[in-house]
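Per chain, numbering begins at 1; letters A, B, ... match sequence-line order.
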There are 2 protein chains.
Amino acid sequence: MAEHLKNKEKLVTVAIELFSTRGFKGTSIRDIANAMDMSISNIYHYFGNKEGLLLAVLEHASKGLVEKLGEIPQMDLDPLERFKLLIRTHIQLSEFYKKEIKIFFLDEEHLSPEGIKINNQTQTDILQIHLKALNDLKKAGYLQCKSATIAAFNILGIINWQLRWYRTDGSLTLEDVSREIVSFILHGILGSNPPGIESDS
Amino acid sequence: MAEHLKNKEKLVTVAIELFSTRGFKGTSIRDIANAMDMSISNIYHYFGNKEGLLLAVLEHASKGLVEKLGEIPQMDLDPLERFKLLIRTHIQLSEFYKKEIKIFFLDEEHLSPEGIKINNQTQTDILQIHLKALNDLKKAGYLQCKSATIAAFNILGIINWQLRWYRTDGSLTLEDVSREIVSFILHGILGSNPPGIESDS
DNA sequence: TTTTAAATCGAACGATCGATATGTAAATTT
DNA sequence: AAATTTACATATCGATCGTTCGATTTAAAA
């Protein structure tokens, strides 16, 4: 039962695969139809037009990451521990939703108003999650940055960039990278006890 | 004199403008020809095919940033000051070469082997510049990170991400952001004298 | 001045694109 | 079982794509 829904979902999955590797403009409806072993017109039956498919992809892509990430700030933990957990989870989820996230960053430009809306909402949601974590740190007296917003952007930059350079087949495990990134975000490059910085030189 | 070279250069400039806003696949040769008020075939006379134009764009784009950024590590300064200068300069240059950099990150996927080569070389060059600065910091006893490479990637992530979220018409000046980013990179979010971190809890 | 080369154009080519019209088989509802 | 909706296919349309083919004008060299 519900075999048809399966195909619709599979269509979104295949579209994510192709959009993420070839881009939106670089992937034709025919490419997707061939990869699905399905007729072109059937895709139009499901999603109306190519952009409808992209919107379905964007919505599907935003759900998983935002929902799972949104659970972290509600956990009853020490602010600092919760913050560390947020970073580690975000890195793990990014690896899991690699292709989906790529689409968000790949075809930002030629997007319909509705697509832009979904895109902005997703990015805002994620930013707010990190901002809340940072503000909790501030209340607890940890945060030393002037602007929590810039700090949040910096954190997102680090995490999203890791998505570009990290290779699973390399020498570093994702846990190694995750630990190092958490340490970087907490202490920067000078460490928590830098030499000759706080002295009177 | 040399009126023909002018047009060839202008062609690259217009291509950068269009590629950066609509993407490579999203920009047709006709779009560029129309924007230049020039015939289509003339573009082929200059660059052979569409990809030749993209290669010219990539080469033009990589030159400016890498060359100017490469001057910093050779300066005779205190390692820490030189590092700060590198970050600040990189941020300023990123704003200046915004469109060019966008192309490097936009159409990474559907790129020819030669295009990939240029892309990789450029990214490697920039990474090496930052790695050198970090190693100089290490020699001087400043750097506390385990992996200078990951730190370099994190720095690139922060800078390149700033390119996405910073708006010139916002309330923050680029200098404000630059200062805050330098501080973040140096001290992280906990600051140089974080409370209760080094204690025995 | 003649010759050569570079710059430019208009017109067209085959391929591919997104999209549609029209049909049929299968599933669901009544 | 009949009616209706959903899931698919074939064939095709007009538009646009990258590219090419001469032809022409302009600039440089001889």
Side-chain angles (χ1 to χ4, degrees), chain A residues 1-58 60 103 106-107 109-116, chain B residues 1-58 60 103 106-107 109-116:
Chain A
M1 57 177 172
E3 192 76 21
H4 53 287
L5 275 181
K6 249 185 192 170
N7 260 0
K8 194 176 179 181
E9 277 183 27
K10 193 184 169 191
L11 206 40
V12 172
T13 308
V14 170
I16 287 176
E17 174 72 31
L18 291 182
F19 284 163
S20 67
T21 53
R22 308 182 198 174
F24 179 66
K25 292 268 184 182
T27 306
S28 71
I29 299 284
R30 281 168 182 82
D31 290 337
I32 300 173
N34 287 340
M36 285 283 297
D37 200 34
M38 174 188 269
S39 77
I40 302 166
S41 53
N42 207 17
I43 300 180
Y44 284 90
H45 168 66
Y46 279 129
F47 300 101
N49 53 28
K50 195 186 178 185
E51 197 175 285
L53 177 55
L54 178 59
L55 288 182
V57 164
L58 289 180
H60 179 273
I103 294 176
L106 211 64
D107 299 291
E109 314 309 319
H110 36 72
L111 220 56
S112 70
E114 194 170 353
I116 292 177
Chain B
M1 53 174 172
E3 193 75 22
H4 52 288
L5 275 182
K6 250 186 190 169
N7 261 1
K8 196 175 179 182
E9 277 183 28
K10 192 185 170 191
L11 206 39
V12 172
T13 307
V14 170
I16 289 177
E17 175 72 32
L18 291 183
F19 284 162
S20 68
T21 52
R22 308 182 196 174
F24 180 65
K25 292 267 184 184
T27 307
S28 72
I29 299 286
R30 281 170 180 80
D31 290 338
I32 301 173
N34 286 340
M36 285 283 298
D37 200 32
M38 175 187 272
S39 77
I40 302 167
S41 48
N42 206 18
I43 299 180
Y44 282 88
H45 169 67
Y46 279 131
F47 299 101
N49 53 27
K50 195 186 179 185
E51 197 176 285
L53 177 56
L54 178 59
L55 289 181
V57 164
L58 289 180
H60 179 273
I103 295 177
L106 211 63
D107 300 292
E109 314 310 320
H110 36 71
L111 220 56
S112 72
E114 194 169 353
I116 292 176

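Taking all atoms of both residues into account, the shortest heavy-atom contact from B:Ser112 to B:Glu51 is CB-OE2, 2.6 Å.
B:Ser28 has a side-chain polar atom (N or O) that falls below the 4.0 Å cut-off from OP1 or OP2 of D:dC17. For D:dA7, one of the phosphate oxygens OP1 or OP2 lies less than 4.0 angstrom from a side-chain nitrogen or oxygen of A:His45. An OP1 or OP2 oxygen of D:dC8 is reached within less than 4.0 angstrom by a side-chain nitrogen or oxygen of A:Asn7. Residue B:Tyr46 has no polar side-chain atom (N or O) positioned under 4.0 Å from OP1 or OP2 of C:dA6.
A straight line from CD of B:Glu9 to P of C:dA7 spans 13 Å, rounded to a whole angstrom. Between B:Lys6 atom NZ and C:dT8 atom P the separation is 13 Å, expressed in whole Å. Atom NZ of A:Lys10 is separated from atom C1' of D:dC8 by 14 Å (rounded to the nearest Å). The distance between atom CE of B:Met36 and atom C1' of C:dT8, rounded to the nearest whole Å, is 12 Å. Atom CZ of A:Arg22 is separated from atom C1' of C:dT16 by 14 Å (rounded to the nearest Å). Distance CD1 (B:Ile40) to C1' (D:dT19): 10 Å, rounded to an integer number of Å. Atom CZ in B:Phe47 sits about 14 Å away from atom P in D:dT19, given to the nearest Å. Straight-line distance from the CD1 atom of A:Ile29 to the P atom of D:dT12: 21 Å, rounded to whole Å.
Listed nucleotides: C:dA7, C:dA12, C:dG18. Nearest to the side chain of B:Asn42: C:dA7. In the set D:dG18, D:dA9, C:dA19, D:dA9 carries the atom at the smallest distance from any side-chain atom of A:Ser39. In the set D:dC8, C:dG18, C:dC9, the nucleotide with an atom closest to the side chain of A:Arg30 is C:dG18.
The side-chain contact (heavy atoms from CB on, under 4.5 Å) with B:Met38 is formed by just one residue from the set B:Leu11, B:Val14, B:Ile32; it is B:Leu11.
Partners of A:Arg30 under the salt bridge (charged side-chain N to carboxylate O under 4.0 Å, His left out) rule, at least two apart in sequence or in another chain, do not exist in this structure.
At a threshold of 4.0 angstrom between heavy atoms, the contacts of B:Ser41 include nucleobase atoms, whether or not backbone atoms are also involved. Within 4.0 Å (heavy atoms only), A:Asn49 reaches sugar-phosphate atoms of the nucleic acid but no base atom.
A cation-pi arrangement is absent between B:Lys25 and A:Phe24, since the terminal nitrogen or guanidinium carbon is not both under 6.0 Å from the aromatic centre and inside a 45° cone about the axis.
Nearest-nucleotide positions on DNA chain D place A:Asp37 closer to the 5' end than the other of B:Tyr44 and A:Asp37.
Without hydrogens or angle criteria, B:Thr21 side chain to B:Leu18 main chain gives a donor-acceptor distance under 3.5 Å.
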